[in-house]
Number of protein chains: 2
Amino acid sequence: MNPEIFENIIKFINQFVDFKEEELIALQNKIEIVQLKKNEIFIQEGEIADRIAFTNKGYLKVYYYHEGEEITRDITPLHSFATALPSFVSQTPSFEIISAITDCELITINKSDLEYLYSSFPKWERLGRRIIEEMFVESQRRIYSFITETAETRYKKLLKQYPDMIRDVPLKYIADFLGIKLQSLSRLRKSLEW
Amino acid sequence: MNPEIFENIIKFINQFVDFKEEELIALQNKIEIVQLKKNEIFIQEGEIADRIAFTNKGYLKVYYYHEGEEITRDITPLHSFATALPSFVSQTPSFEIISAITDCELITINKSDLEYLYSSFPKWERLGRRIIEEMFVESQRRIYSFITETAETRYKKLLKQYPDMIRDVPLKYIADFLGIKLQSLSRLRKSLEW
DNA sequence: ATAATAGTTTAACATTTGTTAAATAATATT
DNA sequence: AATATTATTTAACAAATGTTAAACTATTAT
């Protein structure tokens, strides 16, 4: 297992748990590559999320409808995992929607195959736990930033951490992610011009 | 294993993974009960977090210093798990501090014992994953609330979900948790009086 | 190339939240 | 009981963000 396409996911996985070449074969058989065009939907509202995705290329957004308006909670950074977790873990209809902000290449695995890996190889269960721990820590960091930082600081940090994201993702979604309105972000950007 | 003291933690655990009486014995031997008086510290800044706690009684806060000021990111609800996760997972000095808002009774287990359970019994690793998944989902919910809701709505929901917490926890911490200043919370409470 | 659509900015005004400072209330300590 | 400490409220003013509506710009489809 090592065509170029798996380079990023292997690098990601090996941050958490050390897998040998052979062990990754079990994964390779379960994987499905999904190509999404911009605006195509990966997980639809009301549907049961049965796949988890690693973003090999492109950006996904996780959003839902709040008072008739679409609100983006998450923009998945390159080379990270995404799924509608509440739906995925409990196999209930998803209120979250996941779609492609840009053209995407996703490395996906479905729920039952993942459960199979978890049950058959403790190392995979460990990987699952380690990844979700990391996601949780990142989520907590974001909560801190909502509590202690102004929108301006949050924007500056995002700009620094993911300059490509701000180039490739419409500002509407960035604004949602930061927790402000598009117009406020625009004003804020203007004030930072000098 | 079933003195009254373990009732809540067993109930909590069994939501996620079904353990038999015997299987819980392995846990019982590893557990340490910690009693904290109000304001006592469970995990200190700079110290490596080597214990995880289940709050059997009382409320903990998770906070850190931001520009010289203490900011509470989390108030742990009754009967939930808490640790300074970034420190706990990587065994590096903690920037987060955890202390008792009220007198607390904690059921704790240390890192190496937990690792032992994880490695020896896949079911425990699964439990760890399921719990952290749930914590992550809750964390995401909170991010949604920062993005879409006003402080007033966040306060009302907290009041509804954890009425006891608002009775037992000083408003300063509630305000931090909601992402607003104490004075703003006070104003908001006044506006809700009628 | 032109028209349609999507993305971004601008501006005036409204609302929410922050800041500073003080007063009041509740609780803990001597 | 008196005093000190901690928690909460109040108020005036400042700053940040939201709202509404429109203009402008870039991109996509015909």
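Reminder, nothing fancy here: chain letters follow the sequence lines and each chain counts from 1. Worth saying up front: this structure is predicted, and the values here are computed from it rather than measured.
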Report the relative orientation of the aromatic rings in B:Y65 and B:Y63; use parallel for angles under 30°, tilted for 30 to 60°, perpendicular for over 60°. perpendicular
Categorize [X] for me: base, sugar-phosphate, or nothing, with a 4.0 angstrom heavy-atom threshold over every strand shown.
{"X": "A:L182", "value": "base"}
{"X": "A:E152", "value": "nothing"}
{"X": "A:R187", "value": "base"}

What is the distance, rounded to the nearest whole Å, between atom [atom1] of [X] and atom [atom2] of [N]?
{"X": "B:N39", "N": "D:dA7", "atom1": "CG", "atom2": "P", "answer": "8 Å"}
{"X": "B:D168", "N": "D:dA7", "atom1": "CG", "atom2": "P", "answer": "14 Å"}
{"X": "B:I180", "N": "C:dT15", "atom1": "CD1", "atom2": "P", "answer": "19 Å"}
{"X": "B:D103", "N": "C:dT27", "atom1": "CG", "atom2": "P", "answer": "15 Å"}

From the set [options], return the single nucleotide nearest to any side-chain atom of [X].
{"X": "B:K38", "options": "C:dA28, D:dA21, D:dT17", "value": "C:dA28"}
{"X": "B:K181", "options": "D:dA7, C:dT19, C:dT10", "value": "C:dT19"}
{"X": "A:L171", "options": "C:dT8, D:dT17, C:dA11", "value": "C:dT8"}

Are OP1 or OP2 of [N] and a side-chain N or O of [X] less than 4.0 angstrom apart?
{"X": "B:R189", "N": "D:dT8", "answer": "no"}
{"X": "B:S184", "N": "C:dG18", "answer": "yes"}
{"X": "B:K190", "N": "D:dT10", "answer": "yes"}

For B:R142 and B:S145, run side-chain hydrogen bond (donor to acceptor under 3.5 Å, both in side chains): C-alpha distance rounded to whole Å, both residues' side-chain angles, the deciding distance at 0.1 Å, then the answer. CA-CA 5 Å; B:R142 212 171 145 203; B:S145 83; 5.9 Å; no
With B:F12 as reference, evaluate B:F6, B:F54, B:F19 under the ring pair (Phe, Tyr, Trp, His ring centres under 6.0 Å) test and give the passing residue.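 Of the listed options, the one satisfying the test is B:F54.
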Out of A:T72, A:I41, A:I43, which one pairs with A:I97 under the side-chain contact (heavy atoms from CB on, under 4.5 Å) rule?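 When A:T72, A:I41, A:I43 are each tested with A:I97, the side-chain contact (heavy atoms from CB on, under 4.5 Å) holds only for A:I41.
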